[in-house]
Visitor: 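Just passing along the structure, written as structure tokens.
Just so we're clear, the structure is a prediction, and the values are computed from it rather than from any experiment. Sequential numbering from 1 along the given sequence is applied to the chain's residues.
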Amino acid sequence: MLERRPNPETLADLRDEIDRIDACLHEMLMQRGEIIDRLIAVKARAGGSSAFRPGREADMMRRLVERHKGILPLDTVESIWRIIISTFTFVQANYSVHADISGGDAQMRDCCRFHFGFTVPYVTHADVADVVAAVSAASGDLGLVPVVSSPASGAWWQQLAAPAAPKIIARLPFVERPDHPAATPLFVIAKPVKDGAARDSVLYAATLTRWRDGLNAALGASGAELVAKAPEAHAALLAVPGATPPASLREALAGHGVEISSLTEVGSHAARFDFVRAS
């Protein structure tokens, strides 16, 4: 007796399945929106707080990469999630993104749209100083500044040293990998985040008693990194592991003949997550 074989799938069957999944995705996005409404109400009762949670965002992106599989490109998945996160943050509290385009507008615009989507307003500025000023004057806006800035920008990070000045709250992209479509390393600056900050890497504005060309080697020995420098001002932007106290950094550098006259925290961000090493 011949076994009866089930009818093969048709294009219509598969399209119906896709339509069902699309409807489910849309329904879940609307449910997410309802939760955001409730979140806004809870925050209002608690006295309000910043909508930005850099540490949570970085953790969400790491988990997304770790669980992703299949034929859908990671670039697409990352971009979708970044837009969802950024847009729902915008819904909680409207904000604009101010960008330093001294190195070119096209690349910065692409990075902004990849990470923040098209709902969040994108505002361009001629240099870093204008971005810092715009973020300082706004209630909850963000600034995008290239990690590798032009020499004309000088020791721009010193503008973040005052207690009430904006601070670095994130480094983009959250997930680093070859051929990333928005690979330009960027710092995100904002008014100081009281809670929810990521402190894997703490950033310091350092002023040296005199400039030392051996600073890189001295920092490497202490686990720190020279992010940017302005030798003419004896100034440096240092990234230091969050568990390292400033006093330990000073002591380690002094052991290599590098003396620091001032060391001021200007922000922090999540640990850089390299997809190649993690896979």
Side-chain angles (χ1 to χ4, degrees), residues 50 52-59 61-62 128 132 135 142-149 151 153-176 184-274 277-278:
S50 172
F52 298 106
R53 290 292 182 274
R56 175 169 166 76
E57 288 190 25
D59 185 56
M61 298 313 299
R62 288 193 190 100
V128 178
V132 174
V135 173
L142 299 180
L144 290 184
V145 177
V147 172
V148 182
S149 56
S153 299
W156 63 267
W157 52 90
Q158 292 179 335
Q159 300 171 57
L160 312 181
K167 299 290 182 281
I168 295 167
I169 66 167
R171 175 173 171 146
L172 300 176
F174 284 109
V175 182
E176 299 184 10
T184 304
L186 300 172
F187 283 135
V188 181
I189 67 170
K191 292 281 183 63
V193 177
K194 294 181 180 179
D195 54 1
R199 295 187 60 81
D200 298 331
S201 183
V202 178
L203 296 152
Y204 292 96
T207 303
L208 282 59
T209 55
R210 62 188 180 91
W211 187 258
R212 293 290 301 269
D213 290 331
L215 181 58
N216 265 324
L219 287 169
S222 63
E225 176 189 358
L226 176 62
V227 179
K229 61 183 181 180
E232 68 285 352
H234 297 178
L237 177 62
L238 309 180
V240 181
T244 302
S248 297
L249 176 65
R250 285 179 178 272
E251 183 179 346
L253 292 178
H256 288 79
V258 178
E259 294 186 7
I260 295 177
S261 58
S262 68
L263 190 67
T264 306
E265 184 176 326
V266 292
S268 62
H269 60 74
R272 293 156 67 181
F273 184 70
D274 191 317
R277 288 201 300 268

Visitor: Is any side-chain heavy atom of Leu203 less than 4.5 Å from a side-chain heavy atom of Leu160?
Guide: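 They are not in side-chain contact.
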Visitor: Using modelled atom types and a 3.5 Å cut-off, is there a donor and acceptor pairing between side-chain atoms of Ser261 and backbone atoms of Thr207?
Guide: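 Present.
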Visitor: Quick one: closest heavy-atom pair of Trp157 and Ala230, and the distance?
Guide: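 Trp157 and Ala230 have their closest heavy atoms at CH2-N, 3.9 Å.
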Visitor: Sequence neighbours excluded, which residues qualify as side chain to side chain contact (heavy atoms under 4.5 Å, CB included) partners of Ala224?
Guide: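 Ala224: side chain to side chain contact (heavy atoms under 4.5 Å, CB included) contacts with Leu219, Ser222, Val240, Leu249.
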Visitor: Taking all atoms of both residues into account, what is the closest heavy-atom pair of Tyr204 and Pro246, and its distance?
Guide: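 Heavy atoms of Tyr204 and Pro246 come nearest at OH-CG, 3.4 Å.
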Visitor: Count the heavy atoms of every other residue, nucleotide or ligand shown that sit under 6.0 Å from NZ of Lys167, and state whether that count exceeds 12.
Guide: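 Atom NZ in Lys167 is crowded, with more than 12 foreign heavy atoms closer than 6.0 Å.
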Visitor: What is the minimum heavy-atom distance between Pro192 and Ala164, and which atoms define it?
Guide: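 Shortest heavy-atom contact: CD-O, 4.2 Å.
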Visitor: Evaluate side chain to side chain contact (heavy atoms under 4.5 Å, CB included) for Val188 paired with Leu144, printing each intermediate quantity in order.
Guide: CA-CA 5 Å; Val188 181; Leu144 290 184; 3.8 Å; yes
Visitor: Closest approach of Leu215 and Ala236, non-hydrogen atoms and distance?
Guide: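 Result for this residue pair: CD2-CB, 4.2 Å.
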Visitor: Please report the closest heavy-atom contact between Pro54 and Phe174, naming both atoms and the distance.
Guide: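 Minimum heavy-atom contact is O-CE2, 4.2 Å.
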Visitor: Can you tell if the side chain of Phe187 reaches within under 4.5 Å of the side chain of Leu237, non-hydrogen atoms only?
Guide: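 Result yes, sub-4.5 Å side-chain heavy-atom pair found.
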Visitor: Is there side-chain contact between Arg171 and Pro185, with at least one heavy-atom pair below 4.5 Å?
Guide: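 They are in side-chain contact.
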Visitor: Can you run down the salt bridge (charged side-chain N to carboxylate O under 4.0 Å, His left out) pairs that involve residues 232-241, sequence neighbours left out, and say none if there aren't any?
Guide: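 Counting only pairs at least two positions apart or across chains, no salt bridge (charged side-chain N to carboxylate O under 4.0 Å, His left out) contact touches residues 232-241.
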Visitor: What pairs meet the salt bridge (charged side-chain N to carboxylate O under 4.0 Å, His left out) rule with one or both residues in residues 154-165, with sequence neighbours excluded?
Guide: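 Every pair satisfying salt bridge (charged side-chain N to carboxylate O under 4.0 Å, His left out) with a residue in residues 154-165: there are none.
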Visitor: Which residues pass the side chain to side chain contact (heavy atoms under 4.5 Å, CB included) test with Ser153, sequence neighbours left out?
Guide: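 So Ser153 forms a side chain to side chain contact (heavy atoms under 4.5 Å, CB included) with Val128, Ser149, Ser150, Trp156.
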Visitor: Closest heavy-atom contact between Thr244 and Ser248?
Guide: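 Heavy-atom minimum between the residues: CG2-CB, 4.1 Å.
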Visitor: Can you tell if the side chain of Leu142 reaches within under 4.5 Å of the side chain of Ile169, non-hydrogen atoms only?
Guide: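 Yes. Closest side-chain heavy atoms under 4.5 Å.
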Visitor: Enumerate the residue pairs fulfilling salt bridge (charged side-chain N to carboxylate O under 4.0 Å, His left out) with a member in residues 243-268, sequence neighbours excluded, ordered by first and then second residue.
Guide: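 Sorted result for residues 243-268: Arg199-Glu265.
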Visitor: To the nearest 0.5 Å, how far apart are CG in Asn216 and NE2 in His256?
Guide: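 Rounded to the nearest 0.5 Å, the CG-NE2 separation comes out at 12.0 Å.
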Visitor: Would you mind reporting whether Leu226 and Leu238 have side-chain heavy atoms less than 4.5 Å apart?
Guide: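 Of all side-chain heavy-atom pairs linking Leu226 with Leu238, at least one is under 4.5 Å.
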Visitor: Holding to salt bridge (Lys or Arg N to Asp or Glu O under 4.0 Å), I want the full list of residues that pass it with Arg62, two or more places apart in sequence or in another chain.
Guide: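 Partners of Arg62 by the salt bridge (Lys or Arg N to Asp or Glu O under 4.0 Å) criterion, ordered by chain and then number, come out as Asp200.
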Visitor: Please confirm whether the backbone N or O of Ala271 pairs with a side-chain atom of Ser201, one donor and one acceptor, at under 3.5 Å?
Guide: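 No; judged by distance alone, with no hydrogens or angles, the pair does not exist.
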